[in-house]
There are 2 protein chains.
Amino acid sequence: MSQTRLSNTSRAILGILSTGPLSGYDIKAFADSSVRHFWAVSYGQLYPELKALAAAGLVAAEAQPRGFRRRTVYSLTETGRAALADWLAEPIAGGHELRDELLLKLFFSDPVSPSHLQTLLRQMRRRHEEAAADLTDQQEKLGPRAGALRQAVSRFGGEYHRFRADWCTRLLAEIQGEARR
Amino acid sequence: MSQTRLSNTSRAILGILSTGPLSGYDIKAFADSSVRHFWAVSYGQLYPELKALAAAGLVAAEAQPRGFRRRTVYSLTETGRAALADWLAEPIAGGHELRDELLLKLFFSDPVSPSHLQTLLRQMRRRHEEAAADLTDQQEKLGPRAGALRQAVSRFGGEYHRFRADWCTRLLAEIQGEARR
DNA sequence: GGTACCATGTAACTCGTTACATGATTGT
DNA sequence: ACAATCATGTAACGAGTTACATGGTACC
């Protein structure tokens, strides 16, 4: 009942556990194959958070060693499930802050040579294309049996990266036009 | 010459100062009216960073009080200008990490009632529309005399928020379809 | 015997926000 | 007088990453 404010990563953990008990390692694997594109989770945060969640009574820890390899499996408690539901019911808290190094850099890149900008933008485009492909894969793996919103979010990811890749293409075209003058 | 790694916020400061000397307060004002949509700057970071940049010799501080109100104006040094150029010349460092509370929430929202989802999505759409409008304003203020990339980045901001607003609309339609069944 | 994967953790660090504090100046 | 704005800062906190450390197990 100690109403310690949850971090979003904790909520992600609760969300992941809502489908069933998992070990820390498995939570990480799940996160890496699902939410990592918009909410990455690292071990360095995961394990301490799990302990904190257990201490707060939101998850229950059970030792389930495999052979001599220790292993702790976590499952949602009723309070944990309630905390997750509370969060989902809340309106979105703050403003969608965005930290985008590429945009920051581009904003100050007017004095930079067009050829270097081209390299930069092609590189970015490449990355977004890769991310988009990755998400399309993921979407297929999810399959049609996944929840509608999970699908929608995954689809959004793909569209988002494609959107940015396209923007790179358009900007490249502009720069070429400029360079020809 | 003490090659202390620069934070992106420091680079933003250098970028802002590249157009001319400014006080901390003015840097903040400039940032708020330009880069804040993709790189927000707070006083709590700004002033300490300015001191650090001055200590590292990347900016020069000059006391320019107005009456009895103290005021320090910072300007780029040659090393500072070089550091900025170095950064602009570098390829983009890491992968565009994204932290998006809305997507995280939606990903786990399949069990949530459609009516609540509608409220959530409408709220988000509203915010994106506001942000888009704000950026369109900014773009006009920038005018046609601003650098091509500054314009492009500002334009991207608008398109980005519009893109997300549209996505909300599409998702809302899907949810309604679902709810009617 | 080696490599890959399973499994768990910690310490140091970076970046950034929030909340507070202080005081001058300008305009109503 | 008061509010708004100019101007500068600091302390405490929060979230997250990185690098490291440790060891079991499975398979070739």
Side-chain angles (χ1 to χ4, degrees), chain A residues 3-13 21-33 35-36 38-56 59 61-74 93-101 104, chain B residues 3-13 21-33 35-36 38-56 59 61-74 93-101 104:
Chain A
Q3 277 302 32
T4 326
R5 282 274 299 153
L6 292 171
S7 70
N8 280 329
T9 295
S10 287
R11 315 206 244 233
I13 295 171
L22 290 173
S23 68
Y25 186 87
D26 288 335
I27 291 173
K28 164 77 167 146
F30 185 99
D32 281 347
S33 72
V35 295
R36 80 135 186 285
F38 47 91
W39 205 275
V41 175
S42 67
Y43 286 130
Q45 220 188 345
L46 177 58
Y47 286 111
E49 293 267 30
L50 278 170
K51 288 198 169 171
L53 286 171
V59 301
E62 198 196 342
Q64 281 187 19
R66 303 248 237 227
F68 285 89
R69 191 201 276 155
R70 71 182 164 140
R71 186 159 161 275
T72 311
V73 169
Y74 294 89
H96 29 52
E97 50 190 81
L98 195 33
R99 292 208 171 257
D100 192 316
E101 203 196 326
L104 183 63
Chain B
Q3 277 300 30
T4 326
R5 282 277 299 152
L6 292 171
S7 69
N8 280 328
T9 295
S10 287
R11 314 205 245 233
I13 295 171
L22 290 173
S23 69
Y25 187 85
D26 289 334
I27 291 172
K28 164 76 166 149
F30 185 99
D32 281 347
S33 72
V35 294
R36 79 133 186 286
F38 49 90
W39 205 276
V41 175
S42 68
Y43 285 129
Q45 221 188 341
L46 177 58
Y47 285 112
E49 293 268 28
L50 279 171
K51 289 197 169 172
L53 287 171
V59 301
E62 197 196 341
Q64 282 186 16
R66 303 247 237 226
F68 285 90
R69 193 200 274 154
R70 70 181 166 143
R71 186 158 161 276
T72 311
V73 169
Y74 294 88
H96 28 52
E97 49 189 81
L98 193 34
R99 293 209 171 256
D100 193 316
E101 204 196 326
L104 183 63

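Order of the sequence lines sets the chain letters (A, B, ...), proteins ahead of strands, with each chain counted from 1.
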Rounded to the nearest Å, what distance is computed from the [atom1] atom of residue [X] to the [atom2] atom of nucleotide [N]?
X      : N      : atom1 : atom2 : value
B/F30  : D/dA7  : CZ    : P     : 16 Å
A/L98  : C/dG16 : CG    : P     : 13 Å
B/N8   : D/dT17 : CG    : P     : 15 Å
A/Y25  : D/dG24 : OH    : P     : 17 Å
A/E101 : D/dT17 : CD    : C1'   : 15 Å
A/Q64  : C/dC6  : CD    : C1'   : 15 Å
A/R71  : C/dG9  : CZ    : C1'   : 17 Å
B/I27  : D/dG9  : CD1   : C1'   : 14 Å

Step through the shown structure and confirm whether more than 12 heavy atoms of other residues, nucleotides or ligands are within 6.0 Å of CD on B/E97. no
Tell me, what's DNA chain C's dot-bracket, Watson-Crick or G-U with both distances under 3.5 Å, | for other-strand, [ ] crossing? ||||||||||||||||||||||||||||
Do [X] and [Y] make a side-chain contact, defined as non-hydrogen atoms from C-beta onward lying under 4.5 Å apart?
X     : Y     : result
B/L53 : B/S10 : yes
B/I27 : B/L50 : yes
B/I13 : B/E49 : yes
A/S42 : A/Q45 : yes

From [atom1] ([X]) to [atom2] ([Y]), nearest 0.5 Å:
X     : Y     : atom1 : atom2 : value
B/Y25 : B/Y47 : OH    : OH    : 8.5 Å
B/F38 : B/R36 : CZ    : CZ    : 10.5 Å
B/R71 : B/R66 : CZ    : CZ    : 3.5 Å

Which residues, if any, of residues 40-54 of chain B bring a heavy atom under 4.0 Å of DNA chain C?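 Contacts with DNA chain C under 4.0 Å: B/S42, B/G44, B/Q45.
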Within the pair A/T9 and D/dG16, is there a side-chain N or O less than 4.0 Å away from OP1 or OP2?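 Answer is yes, contact under 4.0 Å.
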Taking only N and O in the side chain of A/R99, is any of them less than 4.0 Å away from OP1 or OP2 of D/dA15?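 Answer no for this pair, as no side-chain N or O of A/R99 is under 4.0 Å from OP1 or OP2.
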Tell me, for nucleotides 20-28 of chain C in 5' to 3' order, what letter each nucleotide earns: B for a base near a protein heavy atom under 4.0 Å, S for only sugar-phosphate near one, - for neither? ---BBB---
Between the side chain of [X] and the main-chain N/O of [Y], is any donor-acceptor distance below 3.5 Å?
X     : Y     : value
A/K28 : A/V41 : yes
A/R99 : B/W39 : no
A/R70 : A/P65 : no

